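See below for the structure under consideration.
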Number of protein chains: 2
Amino acid sequence: MPVRVLLVDDEPLVRAGLRAVLEAQPDIEVAGEAADGAAVIPLVRRLRPDVVAMDVRMPLLDGIEATRALLRTVPDPPKILVVTTFENDEYVYEALRAGADGFLLKRARPAEIVHAVRLIAEGESLLFPASVRQLAAEYGEGGGNRAARAALERARLTEREGEVLRLMARGLSNAEIAARLVVGTETVKSHVSAVLAKLGARDRTQAVITAYESGFVAPG
Amino acid sequence: MPVRVLLVDDEPLVRAGLRAVLEAQPDIEVAGEAADGAAVIPLVRRLRPDVVAMDVRMPLLDGIEATRALLRTVPDPPKILVVTTFENDEYVYEALRAGADGFLLKRARPAEIVHAVRLIAEGESLLFPASVRQLAAEYGEGGGNRAARAALERARLTEREGEVLRLMARGLSNAEIAARLVVGTETVKSHVSAVLAKLGARDRTQAVITAYESGFVAPG
DNA sequence: AACGGGCTCCCCCGCGCGGGGGAGACGATC
DNA sequence: GATCGTCTCCCCCGCGCGGGGGAGCCCGTT
């Protein structure tokens with residue numbers, strides 16, 4: 001009986017690629033697809049896949065949160081293979097802490113992807129931070145917003161911090177934000193500092209960039 | 001006769017995805033694949049594709065260099081569609097200066113990918129403002145920020161100022177921009193001040209917001 | 001009752017940022 | 001040759017920003 005895989009990624013292109021790679025194997029079958037973590041749980045309940053190949057970065061519910069939710073609510077859950085573009089080690093730890101069984105880079109070769117799915121299905125856990133680091137080195141510094149993007153996915157901003165970030169992303173100064181929220185500037189500074197820390201941003205400009213890059217605020 | 005496309009991307013997964021998406025169309029055909037820009041020229045000579053879908057980021061010879069080499073050495077060259085994950089404008093500008101006919105984000109929907117290939121094949125050039133505007137419209141509520149765009153059009157930034165704004169929009173400090181451009185920090189401060197003045201921005205954060213809102217840079 | 005998290009406000013302090021002004025070098029244009 | 005725009009670098013200066021602390025209040029959980 002074939003290994004049944006559920007693909008979860010917000011980019012149709014990636015889903016199509018994974019499907020093409022996996023369905024070329026006789027012993028692997030794509031059970032279904034989802035474009036966001038929020039759709040995973042009902043699909044898992046219905047399709048009962050053996051493996052979920054899950055992107056980390058998705059609009060509504062990211063892969064790490066989706067993994068947590070899945071393991072919390074579904075009895076006898078499938079194995080979870082976290083798929084990511086970004087070769088960030090922190091992802092590995094976050095995903096593993098959330099209960100994922102393995103970790104795979106999107107730029108892996110087809111044979112590696114297939115291998116990873118098979119291993120995971122067999123109950124092996126798959127980690128290779130070493131090769132991740134190696135890949136990162138090969139590709140150089142690469143996409144400058146990689147870390148910023150990763151940041152907001154991990155950051156769990158409070159409601160107030162989210163409000164402040166939105167106002168920062170509209171160009172308001174601390175004093176203006178304070179006036180808008182009817183609080184003191186010192187309070188705003190506290191929130192701003194918290195936002196910067198959680199986002200790994202050095203200054204408000206970087207925080208606003210992260211807000212745009214992650215879709216937390218959208219242009220237009 | 002179908003549009004014949006050559007896929008050039010170092011990630012097999014992306015190639016597989018593009019192939020799956022494009023071959024689902026009756027009027028599009030994948031003529032071949034290459035994993036690096038260095039392999040493109042002989043392949044183009046042999047396969048004579050109508051369109052080359054070319055990644056920018058590749059290990060040996062990147063898409064921009066490959067585009068230059070292709071247009072320099074191959075008579076009656078194919079149309080070149082630059083495919084990228086991160087649409088930092090530097091890439092877009094670089095690619096267009098190199099002679100590419102259009103650019104496409106990997107996260108575009110299949111219909112958009114197909115559309116782009118058809119347009120390019122027909123000789124339409126899929127240029128920066130249009131596609132970015134389109135993306136911006138899809139991303140947000142649809143309409144874009146006319147004011148921000150107007151501000152940027154009125155601004156008429158010089159080449160150097162545009163460079164500086166792009167680096168600002170990547171979160172770099174003045175000192176970091178100076179290092180990147182190999183000039184003094186005082187010089188960068190001059191450019192930044194000019195950008196702020198031309199954009200009507202009070203600080204770099206507002207300038208970056210204008211850059212995003214106008215589509216001068218787009219979220220990745 | 002004890003605890004933790006979130007929101008609020010306060011202190012001090014260093015420094016990067018941005019405004020204002022000026023100036024030399026170079027190339028294109030006239 | 002003179003003018004203009006761009007790029008480069010320099011000065012001084014004020015201030016907002018962000019880091020480092022701490023602290024009280026409310027509320028939900030334990």
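Chain A is the first sequence line, chain B the second, and so forth, proteins listed ahead of strands; every chain is numbered from 1. What you see is a predicted model; the values in this text were computed from it and never measured.
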Name each donor-acceptor pair under 3.5 Å that joins a side chain in residues 181-192 of chain A to protein atoms two or more places apart or in another chain, with its distance.
residue	atom	partner	partner atom	Å
A:Ser190	OG	A:Glu186	O	3.3

Checking [X] now: which residues fulfil side-chain contact (heavy atoms from CB on, under 4.5 Å) with it, not counting sequence neighbours?
{"X": "B:Thr73", "answer": "B:Ile41, B:Arg45"}
{"X": "A:Ala194", "answer": "A:Glu161"}
{"X": "A:Arg46", "answer": "A:Leu43"}

[X] [atom1] - [N] [atom2] separation (whole Å):
{"X": "A:Gln206", "N": "D:dG18", "atom1": "CD", "atom2": "C1'", "answer": "12 Å"}
{"X": "B:Lys189", "N": "C:dG19", "atom1": "NZ", "atom2": "C1'", "answer": "9 Å"}
{"X": "B:Arg204", "N": "D:dG18", "atom1": "CZ", "atom2": "C1'", "answer": "14 Å"}

> With a 4.5 Å limit on heavy-atom distance, are the side chains of B:Pro49 and B:Val5 in contact?
Replying inline: no
Does the side chain of [X] get closer than 4.0 angstrom to OP1 or OP2 of [N] through an N or O atom?
{"X": "B:Arg160", "N": "D:dT8", "result": "yes"}
{"X": "B:Ser173", "N": "C:dG16", "result": "no"}
{"X": "B:Asn174", "N": "C:dC17", "result": "yes"}

>> Using only atom types and a distance under 3.5 Å, with no angle test, would you say the side chain of B:Arg15 pairs donor to acceptor with the backbone of B:Asp9?
In response: yes
> Counting only N and O atoms by type, is there a donor-acceptor contact under 3.5 Å from the side chain of A:Arg4 to the main-chain atoms of A:Leu47?
Replying inline: yes
Enumerate all atom pairs, one protein N or O and one N or O from nucleotides 25-28 of chain C, separated by less than 3.5 Å.
none

>> Checking contacts here: which listed nucleotide (C:dC17, C:dC7, C:dG18) is nearest the side-chain heavy atoms of A:Glu159?
In response: C:dC7
>> For a quick check, tell me whether the side chain of A:Ser190 and the base of C:dC9 share a donor-acceptor pair closer than 3.5 Å.
In response: yes
> At under 4.0 Å between heavy atoms, what does A:Ser193 touch on the DNA or RNA strands: base, sugar-phosphate, or nothing?
Replying inline: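 Sugar-phosphate only.
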Which residues satisfy the salt bridge (Lys or Arg N to Asp or Glu O under 4.0 Å) test with [X], sequence neighbours excluded?
{"X": "A:Arg204", "result": "none"}
{"X": "B:Arg202", "result": "A:Glu176"}
{"X": "A:Arg19", "result": "A:Glu23, A:Glu33"}

>> Heavy-atom nearest nucleotide on DNA chain D for B:Val188 versus A:Asp203: which residue maps closer to 5'?
In response: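 Residue closer to the 5' terminus by nearest nucleotide: B:Val188.
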> Among residues 175-186 of chain A, which contact DNA chain C at a heavy-atom distance under 4.0 Å?
Replying inline: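 Only A:Val183, A:Gly184, A:Glu186 qualify.
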> Could you give the angle between the helix axes at the two ends of the helix from C:dA1-D:dT30 to C:dC30-D:dG1, with five pairs per end, rounded to 10 degrees?
Replying inline: 40°
